[in-house]
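Below is one structure, written out as structure tokens; comments come after it.
What's counted below: heavy atoms across the whole structure, side chains too, no hydrogens, waters or symmetry copies.
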Amino acid sequence: MSTEDFSWHAIAVGNSVLGVYNFVVLAAPPHWKVVVMPMASDVFSHVSRDGAKWVRDGEVKHFVKAGSKFYELEIKVRPGDKTRREGAPVDFGGHRGLYRLSREGFLKKSDVLTVEVYCPETDRTISVRLKGDGAPLEILGYLRHSRCH
């Protein structure tokens, strides 16, 4: 898979005074577009690595437009290894992660794909959730190109 075969999405927040704080750089199918929701994030702490600030404790919510489908995108980051030890293996940015499928919402009508990975480089657990109609399993093959540090 070459870099033309996927798209990069820097999921970050920031301002002109404090700078940019990265959650992850998400690799996704080339037709995916992230729709940013302003003011839908919290950053409680960060860690610096190679001149970049990575969120160590915080969360952000956006939307993903994947062709004709829309998904809610939620990323939560917590310090330390907080991964739940259940799910199927997936490679996320060179780390071994786990993914699982579930259903939630009113009458459990929404599919949820949750990916969890621990990054020992930044000592943080990253949880990426995509919620909508039909689990977007195509993302799993792209996650190995994502960056978490």
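- The minimum heavy-atom distance between Leu18 and Asn15, with the atom names listed, is N-OD1, 2.6 Å.
- Counting all heavy atoms, side chain and backbone alike, Ala27 lies closest to His145 at CB-CB, 3.6 Å.
- Between Glu59 and Arg78 there is a salt bridge, with a side-chain nitrogen of the basic residue lying less than 4.0 Å from a carboxylate oxygen of the acidic one.
- Side-chain heavy atoms closer than 4.5 Å link hydrophobic residues (I, L, V, M, F, W, Y) into clusters, and following such links, even through other members, never connects Val20 to Met37.
- Leu113 places none of its side-chain heavy atoms less than 4.5 Å from the side chain of Tyr71.
- Aromatic ring orientation, His95 versus His149: tilted (interplanar angle from 30° to 60°).
- Val55 and Val36 are assigned to two separate hydrophobic clusters, defined by single-linkage of ILVMFWY side chains at heavy-atom distances under 4.5 Å.
- Looking at Pro136 and Trp32, their side chains come closer than 4.5 Å, going by heavy atoms from C-beta outward.
- Checking side-chain atoms of Arg129 against main-chain N and O of Val112 turns up no donor-acceptor pair under 3.5 Å.
- A heavy-atom distance below 4.5 Å is found between the side chains of Val13 and Phe23.
- Counting all heavy atoms, side chain and backbone alike, Pro30 lies closest to Asp5 at CD-O, 3.3 Å.
- Both Val115 and Leu73 belong to a single network of hydrophobic side chains, linked directly or stepwise wherever heavy atoms of I, L, V, M, F, W or Y lie under 4.5 Å apart.
- By the neighbour-count criterion of 12 heavy atoms within 6.0 Å, atom NZ of Lys76 is sparsely surrounded, having that number or fewer from other residues, nucleotides or ligands.
- No side-chain heavy atom of Arg100 sits under 4.5 Å from any side-chain heavy atom of Ser102.
- Here the CZ atom belonging to Phe6 is positioned 8.0 Å from the CZ atom belonging to Arg144, to the nearest 0.5 angstrom.
- Taking the side chain as every heavy atom from C-beta outward, Leu26 and Leu143 approach each other to under 4.5 Å.
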(request) Starting from the C-alpha separation in whole Å, work towards a yes-or-no answer on side-chain contact (heavy atoms from CB on, under 4.5 Å) for Glu72 and Phe63. (result) CA-CA 5 Å; Glu72 293 176 34; Phe63 289 101; 3.7 Å; yes
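- Using a 4.5 Å cut-off on side-chain heavy atoms (C-beta onward), Cys148 and Arg124 make contact.
- The NZ atom of Lys61 lies 12.0 Å from the CD1 atom of Ile75; values are rounded to the nearest 0.5 Å.
- Between Asp91 and Arg96, no side-chain nitrogen of the basic residue sits less than 4.0 Å from a carboxylate oxygen of the acidic one, so the salt-bridge criterion is not met.
- Remark: the Asp123 side chain and the Tyr118 side chain contain an N/O donor-acceptor pair separated by less than 3.5 Å.
- One finds no salt bridge joining Glu116 and Arg84 here, because no Lys/Arg side-chain nitrogen approaches an Asp/Glu carboxylate oxygen to under 4.0 Å.
- Within the model, atoms OG of Ser68 and CG of Asp133 stand 10.0 Å from one another, a figure rounded to the nearest 0.5 Å.
- Side-chain contact check for Lys53 versus Ser48: some heavy-atom pair is nearer than 4.5 Å.
- Distance CD1/Ile11 to OG/Ser146: 9.5 Å, rounded to 0.5 Å.
- There is a path of hydrophobic side-chain contacts, each under 4.5 Å, that joins Phe92 to Leu140.
- Side-chain N or O atoms of Ser7 include one that pairs as donor or acceptor with a backbone N or O of Pro29 at under 3.5 Å.
- A distance of 12.0 Å separates OG1 of Thr122 from NE2 of His46, quoted to the nearest 0.5 Å.
- Leu98 is not connected to Tyr142 by any chain of hydrophobic side-chain contacts under 4.5 Å among Ile, Leu, Val, Met, Phe, Trp and Tyr, and they are in different clusters.
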(message) Go through it in stages, so that I can follow the logic: the residues are Leu101 and Asp111, the test is side-chain contact (heavy atoms from CB on, under 4.5 Å), and I'd like the CA-CA distance, side-chain angles, deciding distance and then a yes or no.
(response) CA-CA 7 Å; Leu101 300 172; Asp111 295 305; over 6 Å; no
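- Closest approach of Gly80 and Arg56 over heavy atoms only: N-NH2, 4.1 Å.
- Here the side chain of Asp81 pairs a donor or acceptor atom with the backbone of Thr83 at under 3.5 angstrom.
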